[in-house]
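A short write-up of the structure that comes next.
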Amino acid sequence: MFALTFLGTSASVPSAERNHPALLVEAGTHRILVDCGEGTQRQLLRNGAGFRRIDRLLLTHGHFDHVLGIPGLFSTLRLRQSADVMTIHGSPGTLDVVVRMLAGLWGEGRAPIPLELVPLTGGHVLDAGGFTISCFPVIHRDTDSFGFSFESQIRRHLRPDRLAALRVPDGPVRKELAEGRPVTLADGRMIDPKEVLGPPEGRKRLVIVGDAETTNGLAEHAHDADVLVIEATFLDRDATIARDYGHLTAAEAAALAAVSNVKQLVLTHISGRYADEEILVEARRTFPNSRLAMDFDRIVV
């Protein structure tokens, strides 16, 4: 299960794009930030989410509206005397932006908290046991951008009726079967896990795309997602402007959700020139289960 909280700054900057350049993903004991826009540390406090166990930051790209909150967040963590190492994943170009920004504030090669910088190249990012994170390339202007896919493990639970029927005793043999390994019982019978396991269940997918100028190549990564988070800066009537600025329309985001067979579409990065209803009407024509992300929205996947 994943819990996703939007830490946008639209409440404090009403004239700007209704942007959500920081998302907090919680999975088990893990708390991971995706992007870190200006004021992220303030939003964490206002929301009550706090800073405990946030030790990993995934950056979609290096544009300032997605990284300017890093110095403030790190300063807060320093004041709280956090000893955790903050691991930052981003493209080499994005990490260079972060390094230069920190150097301008704290000096070359210095940071207020322990850091580990991990460049992204596409594919595997993290295996946390109960879930995995992978990344994939996204086209956005002159950046090396990445989207992220969170996927929980598929689980198959033991069926009590089958265990009873096959007279499988309590104890270690049941644990072996639950983990997918065949066992031999004391009476010599071999039990295959397929005989006692129920159908696969529990797989959840959360896909997050930052800024994008095209949906080309994204369907294969968004397919069957329970939730797809993606920008929809413009309406289709302004598609030419969207191309000029390297962003998507609500219609394009909805078309991606439809072709990818996702369950729910969450739209972010909305231009302030539009009313919420305009964006929703356009998206829902193609994909009815669309919604706009608002400050502090929390979605459980």
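Computed over heavy atoms, backbone and side chain alike; hydrogens, waters and symmetry mates excluded. Because the structure is predicted, anything quoted here is derived from the model rather than measured. Residues take their numbers from the sequence shown, with the count starting at 1.
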From [X] [atom1] over to [Y] [atom2], what is the distance, rounded to the nearest 0.5 angstrom?
X: Leu265; Y: Leu292; atom1: CG; atom2: CG; answer: 9.5 Å
X: Leu120; Y: Thr94; atom1: CG; atom2: OG1; answer: 8.0 Å
X: Asp65; Y: Glu38; atom1: CG; atom2: CD; answer: 10.0 Å
X: His124; Y: Ile133; atom1: NE2; atom2: CD1; answer: 9.0 Å
X: Ile70; Y: Met86; atom1: CD1; atom2: CE; answer: 9.0 Å
X: Asp244; Y: Thr240; atom1: CG; atom2: OG1; answer: 7.0 Å

Any donor-acceptor pair under 3.5 Å from [X] side chain to [Y] backbone:
X: Asn47; Y: Leu44; answer: no
X: Asn289; Y: Lys263; answer: yes
X: Arg205; Y: Ser149; answer: no
X: Arg203; Y: Glu151; answer: no
X: Asp55; Y: Val85; answer: no
X: Thr5; Y: Arg298; answer: no
X: Glu282; Y: Ala251; answer: yes
X: Arg181; Y: Glu176; answer: no
X: Thr249; Y: Phe234; answer: no
X: Gln153; Y: Gly129; answer: yes

Practice prompt. Assess whether side chain to side chain contact (heavy atoms under 4.5 Å, CB included) is satisfied between Asp297 and Arg291, documenting all intermediate values.
Written response: CA-CA 11 Å; Asp297 275 356; Arg291 63 181 284 182; 3.3 Å; yes
For [X] and [Y], work out which heavy atoms get closest and say how close.
X: Val97; Y: Gly62; result: CG1-O, 3.8 Å
X: Val262; Y: Ala222; result: CG1-O, 3.3 Å
X: Leu59; Y: Cys36; result: CD2-N, 4.4 Å
X: Arg141; Y: Tyr245; result: CD-O, 3.2 Å
X: Arg31; Y: Phe51; result: NH1-C, 3.9 Å
X: Ala178; Y: Leu197; result: CA-CD2, 4.3 Å

Worksheet entry | Passing candidate, side chain to side chain contact (heavy atoms under 4.5 Å, CB included) with Phe150, options Ile32, Val125, Val207 |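 When Ile32, Val125, Val207 are each tested with Phe150, the side chain to side chain contact (heavy atoms under 4.5 Å, CB included) holds only for Ile32.
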Worksheet entry | Arg237/Glu278 under salt bridge (charged side-chain N to carboxylate O under 4.0 Å, His left out): CA gap, chis, key distance, verdict | CA-CA 11 Å; Arg237 67 176 184 243; Glu278 289 183 283; 3.2 Å; yes
Does [X] belong to the same Ile/Leu/Val/Met/Phe/Trp/Tyr cluster as [Y], with side-chain heavy atoms less than 4.5 Å apart forming each link?
X: Trp106; Y: Phe64; result: yes
X: Leu4; Y: Met1; result: no
X: Ile113; Y: Leu105; result: yes
X: Val229; Y: Ile139; result: no
X: Val118; Y: Ile54; result: no

Item to complete: Using the salt bridge (charged side-chain N to carboxylate O under 4.0 Å, His left out) rule, take Lys194 and Asp192 through it: C-alpha gap first, then chi angles, then the decisive distance, then the call.
Response: CA-CA 5 Å; Lys194 295 177 183 177; Asp192 190 283; 5.4 Å; no
Worksheet item: So Leu58 and Ile88, side chain to side chain contact (heavy atoms under 4.5 Å, CB included) or not? Walk me through it.
Response: CA-CA 6 Å; Leu58 310 178; Ile88 306 180; over 6 Å; no
Taking atom types as modelled and ignoring hydrogens, do the side chains of [X] and [Y] form a donor-acceptor contact shorter than 3.5 angstrom?
X: Glu213; Y: His247; answer: no
X: Thr29; Y: Arg53; answer: no
X: His223; Y: Ser260; answer: no
X: His61; Y: Asp35; answer: no

Can you find a pair of side-chain heavy atoms, one from [X] and one from [Y], that are under 4.5 Å apart?
X: Leu7; Y: Leu33; result: yes
X: Thr76; Y: Arg42; result: no
X: Asp142; Y: His63; result: yes
X: Asp211; Y: Ser145; result: no
X: Leu24; Y: Val34; result: no
X: Arg110; Y: Leu102; result: no
X: Thr60; Y: Phe146; result: no
X: Gln264; Y: Asp226; result: no

Worksheet item: Which is it for Ile241 and Arg273 under the side chain to side chain contact (heavy atoms under 4.5 Å, CB included) test, yes or no, and what are the steps along the way?
Response: CA-CA 13 Å; Ile241 302 175; Arg273 72 184 70 191; 3.9 Å; yes
Item to complete: Give the C-alpha distance, both sets of side-chain angles, the deciding distance and a yes or no for side chain to side chain contact (heavy atoms under 4.5 Å, CB included) between Val183 and Leu185.
Response: CA-CA 6 Å; Val183 300; Leu185 302 183; 4.2 Å; yes
Worksheet item: Is the distance between the ring centroids of Phe2 and Phe131 under 6.0 Å?
Response: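 Centroid separation for Phe2 and Phe131: below 6.0 Å.
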Item to complete: Compute the ring centroids of His89 and Phe148, then answer whether they are less than 6.0 Å apart.
Response: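 No, they do not, as the ring centres are separated by 6.0 Å or more.
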Practice prompt. Would you mind listing every ring-ring contact (aromatic ring centres under 6.0 Å, His included) that reaches into residues 153-181, with sequence neighbours excluded?
Written response: none
Discussion item. Glu26 vs Arg52, test: salt bridge (charged side-chain N to carboxylate O under 4.0 Å, His left out). Steps then yes/no.
Written reply: CA-CA 12 Å; Glu26 299 172 88; Arg52 288 193 318 113; over 6 Å; no
Worksheet item: Using 4.0 Å as the upper bound for N to carboxylate O, is an ion pair formed by Arg189 and Asp187?
Response: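 Salt bridge flag = yes for Arg189 with Asp187.
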Worksheet item: When you look at CD of Glu108, are more than 12 heavy atoms from neighbouring residues, nucleotides or ligands closer to it than 6.0 Å?
Response: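 No, CD of Glu108 has 12 or fewer neighbouring heavy atoms, counting only those of other groups under 6.0 Å.
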